[in-house]
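Worksheet for the structure shown next.
Numbering starts at 1 and runs along the sequence shown. Both ligands and their constituent atoms are indexed starting at 1 by order of listing.
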Amino acid sequence: MLPTLPFDPFHILIGGTWRATEDTLPLVNPSDGSTLCDIARGTEADVDAAVTAAQGALDGAWGKMTALDRGRCLTRLGQLVLDHVELLTTLETLDVGKPVTQARADAVALARYCEFYGGAADKVHGQTIPYLDGYTVYTLREPHGVTGHIVPWNYPMQIIGRSVGAALAMGNACVLKPAEDACLTALMFAHLAKEAGFSDGALNVVPGLGSEAGAALARHPGVHHLSFTGSVQTGRTIQTLAAENVVPVTLELGGKSPQIVFDDADLDAALPFLVNAGLQNAGQTCSAASRILIQRSVYEQVAHRMADAYRGKRVGPATDDPDIGPLISVKQKQRFETLLEAAADLPLLAATPLPQDLPPEGAYVQPRLYGPVAPDHPLAQNELFGPVQVLIPFDTEEEAIAIANGTIYGLVAGVWTANGARQMRLAKALKSGQVFLNNYGAGGGVELPFGGIGKSGHGREKGFEALYGFSTLKTVAAKHG
Ligand code: NAD
């Protein structure tokens with residue numbers, strides 16, 4: 001059951017006012033299949049009103065607010081998020097099926113994004129450029145204008161923090177379209193933003209279906225920049241719609257990320273990262289380490305230890321804070337199980353036992369570890385978005401690099417080796433937006449630019465880099481003699 005909410009979950013926020021939509025959608029708890037509440041089913045007209053409100057904010061108080069004051073709003077919002085961490089955690093646990101500890105980490109990360117971008121808002125400077133005699137030339141960093149944010153269900157709070165946080169810091173006015181499967185923390189975020197003192201219309205939130213509210217936002221001619229996280233297929237649609245309006249897009253589309261284990265690695269240090277980076281959030285993580293490449297001389301040892309870890313994991317309802325909760329929905333479970341049919345010919349090393357008393361309507365799947373798997377097998381190539389990892393043996397460094405780079409994706413890679421020269425070679429050779437040496441994820445630091453190459457997408461969010469992405473550069477050349 002939902003706790004008492006300080007907002008109506010079936011309302012949308014436009015121009016600082018909460019309002020109902022004509023139609024609603026049921027929001028389901030994936031841990032037991034129960035309906036949590038109804039949420040708004042935003043329409044094209046709602047999105048249009050939100051874009052108009054955002055433009056109004058830019059033309060009004062929000063557009064005139066100093067960078068310092070925008071930063072202060074974000075910093076206040078960060079504190080409000082911290083003050084409400086437990087409620088945000090509960091909402092994400094129920095809505096996403098995310099175990100309590102993982103949901104709480106996301107809420108704290110959301111606060112951290114607000115703090116980081118609050119502090120950074122007045123620290124993005126233009127340049128002066130030496131030029132011809134009699135000229136003074138400088139650049140100004142300016143907001144794009146209205147930014148659209150289409151967010152998935154797997155890490156709503158973190159993705160809102162990194163994209164909306166950076167966009168607001170740069171003075172854009174945002175229209176946020178959370179996922180239809182999980183939008184309660186987005187609404188709570190909007191409620192807190194109102195308390196934090198953002199101008200009306202600086203942040204507008206319109207939940208609804210991707211094909212309706214999402215598509216309406218992506219093709220709206222009043223939107224000046226789009227930020228999307230989700231599937232490659234939808235990313236392609238969004239980039240195509242954005243092309244019609246010739247507006248920039250940031251796409252974060254997932255991956256098939258490798259961790260590479262050499263025989264000189266500190267295996268005790270590596271083990272938890274090898275396993276947890278595949279199973280965190282039930283494997284529904286764009287940067288999940290779904291491929292583990294292991295040098296042949298330590299293959300058996302690593303495979304054995306990972307299999308043991310799988311057998312010891314606990315699957316259960318998210319509110320019980322297990323290691324692994326359900327998938328986001330029964331639909332996603334069916335998709336995962338269909339993709340897993342490709343594994344029928346693979347050696348199954350271990351499967352985490354499912355407790356007998358799991359709620360029958362929950363979207364639970366059994367975590368599975370396969371190996372050895374050929375690098376070109378569909379299970380080693382396709383993103384499953386569920387708790388499954390494949391182990392791939394290799395002999396040489398060159399072979400490891402070729403296998404690691406041998407998918408359509410390039411989001412994150414991890415390398416475990418004590419050899420410093422090899423670390424440097426791999427860091428250069430891996431085709432990936434992030435490379436982690438003797439760790440994986442570095443604790444998810446909000447300061448670290450994040451994004452992909454290849455079909456993992458383009459553009460960077462997180463860190464200072466996002467502030468450049470959420471702004472445009474104006475060059476001013478003054479001739480004064
Ligand atoms: P999706 O890409 O369809 O949805 C993500 C967001 O886009 C949601 O808010 C959705 O409403 C919106 N959307 C969907 N269709 C749209 C359209 N035509 N125009 C505008 N917005 C639209 O993802 P999904 O169906 O929720 O999940 C399917 C697969 O996507 C997953 O199995 C996984 O492979 C991938 N995925 C990746 C990530 C990631 O972090 N990279 C996150 C979620 C899902």
Side-chain angles (χ1 to χ4, degrees), residues 25 27-28 30 39-44 47 95-96 98 106 148-160 162-164 175-183 185-186 205-220 223 226-244 249-257 280-288 290 327-340 363 365 381-388 407-412 433 444 450-452 454-459 461-462:
L25 298 164
L27 196 66
V28 173
I39 56 155
R41 179 175 178 169
T43 61
E44 185 159 12
V47 168
D95 200 358
V96 179
K98 188 172 289 206
D106 285 4
H149 304 260
I150 299 175
V151 168
W153 39 260
N154 56 342
Y155 286 84
M157 284 193 275
Q158 294 224 26
I159 294 169
I160 289 169
R162 77 187 189 204
S163 80
V164 173
V175 179
L176 166 62
K177 208 300 279 175
E180 51 271 48
D181 289 311
C183 67
T185 50
V205 184
V206 185
L209 295 173
S211 55
E212 296 175 359
L217 183 58
R219 66 169 171 259
H220 197 292
V223 172
L226 281 163
S227 160
F228 170 76
T229 302
S231 62
V232 175
Q233 194 186 355
T234 308
R236 195 177 280 127
T237 303
I238 283 173
Q239 182 156 358
T240 306
L241 292 171
E244 290 295 322
V249 190
T250 303
L251 295 181
E252 204 277 89
L253 307 180
K256 194 74 188 172
S257 296
Q280 183 180 319
N281 199 28
Q284 304 167 113
T285 305
C286 48
S287 55
S290 48
L327 296 190
I328 182 69
S329 61
V330 170
K331 183 176 147 216
Q332 197 61 17
K333 172 181 161 151
Q334 285 160 353
R335 174 189 174 278
F336 172 78
E337 286 176 344
T338 303
L339 286 169
L340 205 60
V365 296
Q381 289 287 321
N382 301 327
E383 187 185 48
L384 270 75
F385 235 58
V388 63
T407 74
I408 59 171
Y409 297 106
L411 190 58
V412 171
F450 179 73
K455 297 290 186 291
S456 289
H458 52 75
E461 290 187 345
K462 301 180 64 171

Test of understanding: given a 4.0 Å heavy-atom threshold, classify the contact between [X] and ligand 1 as side chain, backbone, both, or neither.
X	value
A218	neither
Q233	neither
L253	backbone

Ligand 1 to [X] polar contact by distance, N or O atoms, under 3.5 Å:
X	result
G254	yes
D181	no
T229	no

* Decide whether S231 and T234 meet the rule of one side-chain donor and one side-chain acceptor closer than 3.5 Å. => yes
* Could any protein non-hydrogen atom be found less than 4.0 Å from atom 24 (P) of ligand 1? ->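 Protein heavy atoms within 4.0 Å of atom 24 (P) of ligand 1 - there is at least one.
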* Are any non-hydrogen protein atoms located under 4.0 Å from atom 4 (O) of ligand 1? ->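 Under the 4.0 Å cut-off, atom 4 (O) of ligand 1 has no protein heavy-atom neighbours at all.
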* **Contact check, R335 vs ligand 1, heavy-atom distance below 4.0 Å** => yes
* To do: Using heavy-atom distances, let me know which of L176, N154, T234, I238 sits nearest atom 1 (P) of ligand 1.
  => T234
* Nearest-option assignment for atom 38 (C) of ligand 1, heavy atoms, candidates F385, F336, Y409 ->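 Heavy atom nearest to atom 38 (C) of ligand 1 belongs to F385.
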* **Within 6.0 Å of NZ in K455, more than 12 heavy atoms from elsewhere** => no
